[in-house]
Amino acid sequence: MSETLSHSFSEQDVYFMRQAIELAHNAELEGEVPVGAVLVKDNKVIAKGWNRCIGAHDATAHAEVQVLRQAGDTLQNYRLLDTTLYVTLEPCPMCAGALLHSRVKRIVFGAADLKAGAAGTVLDLFSSQAAYHYAIIESGLLEKECREQLQAFFKRRRKEQKELKRLQREQQQKGD
């Protein structure tokens, strides 16, 4: 069964989540939803990733999946025992399933995903009776920073889309 803990995080936890936030910035620079992830084993980063769905034309290219693929190559094993994942946004159902299958021991996320969070917000796949592996889930690490990064991205994207529609209307009117 998953275990959700709310306690103070260590300096090391903060250090690794800040790395995930920086990786989320990479996603944003590529026009992707800014989510970043870092996988740690024995206090060392073994994999890093960020959302790449749009650029890779791959619905499964979430930050968590990028990390799991890289870590599997690094360790030459899909079972990522005794690892901790730091991710800026709560895992979705797809990522939660992949994390369970890969046996990640601890998952620390920043912002809750109110639409698709599968680590306790909308669903909790980690405590499901169908889960064959149990993980420790910890939420809220640098939550404000993670949430603000995502909100700023979507606010900017909505503004850009509104401007694009305005320009298209102007072009249409000139053509009439």
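- Atom SG of Cys95 sits about 11.5 Å away from atom CG of Leu100, to the nearest 0.5 Å.
- Phe126 and Val65 end up in different hydrophobic clusters when Ile, Leu, Val, Met, Phe, Trp and Tyr side chains are linked at under 4.5 Å.
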For this session: Apply salt bridge (charged side-chain N to carboxylate O under 4.0 Å, His left out) to the pair Arg157 and Glu160, showing each step before the final yes or no.
Result: CA-CA 5 Å; Arg157 180 181 264 180; Glu160 289 167 358; 5.9 Å; no
Exercise. When you look at Leu164 and Gln161, which way does the side-chain contact (heavy atoms from CB on, under 4.5 Å) test go after all the steps?
Worked result: CA-CA 5 Å; Leu164 181 61; Gln161 288 173 342; 5.5 Å; no
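- Linking Ile, Leu, Val, Met, Phe, Trp and Tyr residues whenever their side-chain heavy atoms come within less than 4.5 Å leaves Ile54 and Trp50 in two separate clusters.
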Exercise. Run the side-chain contact (heavy atoms from CB on, under 4.5 Å) check on Arg18 and Val14 step by step: do they pass?
Worked result: CA-CA 6 Å; Arg18 289 211 184 281; Val14 172; 3.9 Å; yes
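- Atom CG of residue Leu39 and atom OG1 of residue Thr84 lie 7.5 Å apart, to the nearest 0.5 angstrom.
- Closest non-hydrogen pair, Val122 versus Asp113, comes out as CG2-O, 3.8 Å.
- A distance-only check finds a donor-acceptor pair linking the side chain of Glu90 to the backbone of Gly120 [under 3.5 Å].
- When every heavy atom of Ala63 is checked against every heavy atom of Gly49, the shortest pair comes out as CB-O, 3.9 Å.
- Taking both residues in full, the closest heavy atoms of Leu99 and Pro91 are given as CD1-CG, 3.9 Å, listed atom of the first, atom of the second, then distance.
- By the ring pair (Phe, Tyr, Trp, His ring centres under 6.0 Å) test, Tyr86 is found to be paired with Phe16, residues two or more places apart in sequence or in another chain being considered.
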Problem set entry | Evaluation steps, side-chain contact (heavy atoms from CB on, under 4.5 Å), between Asn51 and His62 | CA-CA 5 Å; Asn51 276 4; His62 289 194; 4.0 Å; yes
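- How far CG of Leu142 is from CG of Asp13: 9.5 Å, rounded to the nearest 0.5 Å.
- A chain of hydrophobic side-chain contacts below 4.5 Å, direct or via other Ile, Leu, Val, Met, Phe, Trp or Tyr residues, connects Ile46 to Val87.
- Judged by distance alone, the side chain of Gln149 and the main-chain N or O of Ile21 form a donor-acceptor pair under 3.5 Å.
- Shown here for Phe109 and Ala119, the closest heavy-atom pair between the two residues is CE2-CB, 3.9 Å.
- Using modelled atom types, no side-chain atom of Glu64 and backbone atom of Ala96 make a donor-acceptor pair closer than 3.5 Å.
- Cluster annotation: Leu75 is connected to Leu85 through the hydrophobic network of ILVMFWY side chains, with a link wherever side-chain heavy atoms come within less than 4.5 Å.
- Distance check: Arg147 CZ to Leu150 CG gives 10.0 Å after rounding to the nearest 0.5 Å.
- How far CG of Leu80 is from NZ of Lys105: 13.5 Å, rounded to the nearest 0.5 Å.
- Judged by distance alone, with hydrogens and angles left aside, the side-chain atoms of Thr88 form a donor-acceptor pair with the main-chain N or O of Gly36 at under 3.5 Å.
- Using a 4.5 Å cut-off on side-chain heavy atoms (C-beta onward), Lys41 and Asp82 make contact.
- No path of Ile, Leu, Val, Met, Phe, Trp and Tyr side chains, each step under 4.5 Å between heavy atoms, connects Leu81 with Val45, placing them in separate hydrophobic clusters.
- Of all heavy-atom pairs spanning Pro34 and Ala27, the tightest one is CA-CB, 4.0 Å.
- Here the CG atom belonging to Leu123 is positioned 9.5 Å from the OG atom belonging to Ser128, to the nearest 0.5 angstrom.
- Between Val104 and Leu68 the shortest side-chain heavy-atom distance falls below 4.5 Å.
- With respect to Thr60, the side-chain hydrogen bond (donor to acceptor under 3.5 Å, both in side chains) criterion is satisfied by exactly one of Gln66, Arg69, Arg52: Arg69.
- Tyr15 and Gln19 form a side-chain donor-acceptor contact under 3.5 Å, judged by distance and modelled atom types alone.
- What you find for Ala111 and Cys146 is that their closest heavy atoms are N-CB, 3.9 Å.
- The neighbour count for Glu163 CD, taken as heavy atoms of other residues, nucleotides or ligands under 6.0 Å away, is above 12.
- In this structure a side-chain-to-backbone donor-acceptor pair under 3.5 Å is present from Asn77 to Arg79.
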